[in-house]
Amino acid sequence: MSLNTSQVASSGPDENILLEIKNLSKHFEGLKAVDQVSFSIKPAELIGVIGPNGAGKTTLFNLLTGFLKPTAGEIFFNGKNITGWPPFKISKIGIARTFQLVRPFRFLDALENAMVPHIPQNILAKSSTLRNKAIWSLITVDLAEKKNYPAFILPHGDLKRLDIARSFAVQPRLLLLDEPFSGLSYEEAFRIQRLIRDAHEKGMSIVIVEHKLKILMKLVERVLVLDRGRLIGEGSPKEIANNVEVINAYLGTEAKEYG
Amino acid sequence: MDWREIIEDLWDDVTDRAYYIFAVAILILFPFILVTPPSTLPILNIIFNGSRIPVLSDIYDFGYQSGLFGENVWIINIFSLCLIWAIFAASWDFVTGYSGQVSFGHAAFWGFSMYVAYWVAAGFHVNIPIIDLDLGFRVELEPLFALIFGALLAALLAVFLGIISLRVRGFYLAIITLVIPLILNSLANTFVELTGGNYGLQSDVTRVVPLPPLGDLFDETHALNFYIFVLLVFFVAITLMMLIAFSRVGLAFQSIREDEEAAESLGINVRNYKILAFTLSAFFAGIAGGLYAQWFNYVSPTYLESSYSFQVIIMCVIGGVGTITGGIIGAFLLTILVNVFLKNVFRGVHGMDMLSFGILLIITLRYMPYGLARSTKDQKRACVLGILFALAWIIIPSREGWGVELFSSILPNNGNPTDPLSKLISISVTSILILIGKVDNLGQMLSTLTLDNLLTFIALIIIFIFSIPAMIIFLISEIIGIFLFEVIMGINLGEALNKAKFLICVVTGIPFAFYLPKIFRTIRLRYWGVWPSVGRYEPD
């Protein structure tokens with residue numbers, strides 16, 4: 001058995017690396033939004049990305065999901081070079097994302113919102129199958145009761161969870177969450193924390209961009225720090241809290257609180 | 001306010017369904033009230049046993065003989081026109097309301113389809129000269145298949161244009177689509193041997209519904225045959241559009257309308273879905289165009305003008321964007337408004353149709369921004385009431401003096417205002433219109449503008465603005481006012497009694513409009529055993 005697995009591992013792509021980024025750069029006419037960033041993500045890893053405003057965190061997400069095309073560098077997902085793929089194709093291969101601001105389909109109800117990500121996978125399936133899948137993804141985020149409510153009357157907390165439900169529905173291997181706790185009360189944030197932990201336990205790799213460090217540092221296993229487009233620090237939350245460069249760039253004197 | 005109440009007000013499908021079923025029943029039954037089914041339609045002969053619908057047609061006969069109704073053919077033709085516009089409006093709604101791609105040039109597809117259908121039906125020789133060989137062939141199809149072929153080619157044009165233009169969004173897309181019909185228009189004016197230039201093309205060979213032996217366009221049989229043909233096409237087209245719109249493909253379209261980037265991040269291939277929506281929409285617009293050309297039996301570059309594109313947009317906005325039914329409602333309202341009311345109320349005044357479109361559009365956007373189909377229950381009921389009210393007003397008036405005289409143009413006695421108040425009002429309104437510079441012929445204006453014409457027009461606008469209470473107050477005050485004037489002016493009591501009929505119509509109409517949905521709910525509960533749910537999905 002052990003011989004078999006080693007053979008597969010050597011012949012196929014490296015199974016210990018889910019996503020690999022090599023020297024990724026994005027320049028907007030001289031402004032280096034992302035500059036020579038390289039890192040890799042293992043399967044079932046929970047990673048936080050922090051950095052001051054304008055550090056290139058959201059641009060990094062846009063590059064990974066195909067909304068922007070990199071100026072230079074390459075992105076490998078599961079051994080495949082996905083640099084320059086269109087967003088819908090990247091979503092199909094197993095990378096899902098949420099947006100910084102909630103972006104529900106406002107005039108559709110919650111159930112229809114949850115149905116949309118199921119459409120590409122179940123284009124020929126029975127309509128009841130599609131509906132049941134959508135209801136299941138609403139149940140996982142405790143929104144099943146409000147399935148008939150149009151999104152424009154749902155409160156912010158519900159919309160945040162609806163966004164997460166939609167991205168879960170893509171059945172991603174890598175989930176990119178852009179500020180999942182912004183604008184939420186502690187109770188609501190705790191609910192989302194629980195969702196993230198559950199998904200992580202099932203083996204999903206999750207990358208979180210967040211400014212609420214008190215929550216983030218306790219949640220994640222590894223932290224990446226970006227500043228002015230460059231990767232200035234990488235390590236466990238404790239290491240980051242003691243990293244001088246990171247303290248100067250972002251954390252400031254309160255760093256010990258997060259350690 | 002509770003959320004549930006808001007949703008019930010906005011998405012009350014049951015109330016809608018009751019009205020829709022009622023409207024469909026009217027559409028199907030209505031010609032058989034007016035005309036004997038022709039022998040060319042054997043199925044209908046079996047159903048109605050070669051006669052008209054018994055009681056209703058008797059009522060109609062009575063009305064016709066006493067001069068209350070106009071000619072049958074005229075009304076049937078107006079309804080055919082309504083159905084054609086309804087298909088066109090629904091097709092626009094499909095691309096703009098459902099997938100959010102603003103098209104300001106839908107006339108391109110309907111005009112293009114008209115020309116193609118005409119060429120193919122009349123016989124078109126395709127030249128393929130290769131050195132010495134002529135590999136050309138002649139295309140000639142039955143008119144019905146030519147109609148479908150025209151629509152298919154319009155869809156093909158849409159694929160081509162979609163690939164080019166759907167890269168851009170919003171404002172820029174609007175400009176590109178605005179230009180397309182202009183280009184086609186100038187092409188049609190350039191290639192005169194193909195298109196007939198400004199004079200257009202005309203031939204009886206291309207008719208789907210053949211003319212009767214005498215060749216009379218206004219023959220009852222011909223009008224009815226054409227109406228039934230259009231009605232069938234209408235039902236097929238609308239059913240198809242609804243099926244697509246309510247399917248998962250329609251859901252994908254809607255997600256693109258709501259948020260393109262979010263949809264793409266969830267795996268929706270936005271570009272292909274956009275092109276698909278554009279193509280389907282162009283196909284149905286092509287069908288509508290073919291039918292419109294059939295109605296006039298005439299194809300010309302004027303059908304490619306942007307006024308057609310804008311008319312269809314106004315219809316959809318008034319009816320409600322993002323609901324296929326909204327376009328249909330808007331098409332019926334505006335087509336009847338123009339062809340029945342305005343052409344009679346403001347005879348001799350030009351440009352009144354576009355003016356009233358504008359007024360209606362502003363009022364709709366102010367008071368029900370999501371259109372009639374997505375308005376609140378009260379507004380819906382007020383609109384149904386308003387339509388009943390207008391119908392009552394049409395049915396009751398006598399030949400002269402009192403009454404709307406909406407059909408006065410086709411009545412033997414071309415109604416002039418006899419009562420003093422009508423004359424007073426007509427003079428004052430005419431003077432205002434002269435000041436604005438809207439009137440060509442003073443004498444004509446004076447003879448046609450009556451009190452009730454004007455009141456109907458005002459009533460229609462009030463109905464659009466306010467809900468039921470305001471309308472009832474308006475009605476009652478108006479009836480009292482007219483009665484008072486009758487007494488003051490000393491006109492005979494028989495006329496006043498005649499008006500009682502109108503009152504009865506309204507009094508029976510109000511509960512009907514109010515309780516139709518409730519009756520529908522009750523019947524549904526009794527025979528299906530389910531309570532109608534809120535929203536589009538039944539509870540588990």
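Just so we're on the same page: letters track the sequence lines, and every chain starts at 1.
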Minimum heavy-atom separation for B/A262 and A/F99, please, with both atom names.
CA-CE1, 3.7 Å
Taking atom CZ of A/F105 and atom CG of B/L251, what is their separation to the nearest 0.5 Å?
8.5 Å
Is it the case that more than 12 heavy atoms not belonging to A/K42 sit under 6.0 Å from its NZ atom?
no
Can you tell me which portion of A/I90 sits under 4.5 Å from chain B's heavy atoms? Options are side chain, backbone, both or neither.
neither
Which of the residues A/T98, A/I95, A/I119 is involved in the greatest number of heavy-atom pairs with chain B at under 4.5 angstrom?
A/I119
Are there more than 12 heavy atoms of other residues, nucleotides or ligands under 6.0 Å from atom NZ of A/K92?
yes
Is the number of heavy atoms from other residues, nucleotides or ligands under 6.0 Å of A/F28 CZ greater than 12?
yes
Which pairs would a plain distance check flag for residues 163-172 of chain A, meaning a side-chain donor or acceptor within less than 3.5 Å of a matching protein atom at least two apart in sequence or in another chain?
| unit_1 | atom_1 | unit_2 | atom_2 | d |
| --- | --- | --- | --- | --- |
| A/D163 | OD1 | A/R166 | NH2 | 3.1 |
| A/D163 | OD2 | A/R103 | N | 3.4 |
| A/R166 | NH1 | A/R103 | O | 3.3 |
| A/R166 | NH1 | A/N113 | OD1 | 3.4 |
| A/R166 | NH2 | A/R103 | O | 2.7 |
| A/S167 | OG | A/D163 | O | 3.3 |
| A/S167 | OG | A/I164 | O | 2.8 |

Would you check if A/F107 and B/Q254 make a side-chain contact, meaning some heavy-atom pair closer than 4.5 Å?
no
Is the A/F88 to B/Y273 ring centre distance short of 6.0 Å?
no
CE on A/M115 to CG on B/L266, rounded to 0.5 Å
13.5 Å
Highest number of heavy-atom pairs under 4.5 Å with chain A among B/R271, B/R248, B/E258 belongs to B/R248
Output for pair (A/N62 CG, B/E261 CD), nearest 0.5 Å, gives 7.5 Å
Report the residues that fulfil salt bridge (Lys or Arg N to Asp or Glu O under 4.0 Å) with A/E20, sequence neighbours left out, ordered by chain and then residue number.
none
Check whether any side-chain heavy atom of B/I268 sits under 4.5 Å from a side-chain heavy atom of A/P120, and report yes or no.
yes
Heavy-atom pairs under 4.5 Å with chain A: which of B/S255, B/S247, B/A252 has the most?
B/S255
Tell me, side chain or backbone of A/S127 under 4.5 Å from chain B's heavy atoms, or both, or neither?
both
Can you say whether A/A144 sits under 4.5 Å from chain B via the side chain, the backbone, both, or neither, judging by heavy atoms?
neither
Does B/F235, at its CZ atom, have more than 12 non-hydrogen atoms belonging to other residues, nucleotides or ligands within less than 6.0 Å?
yes
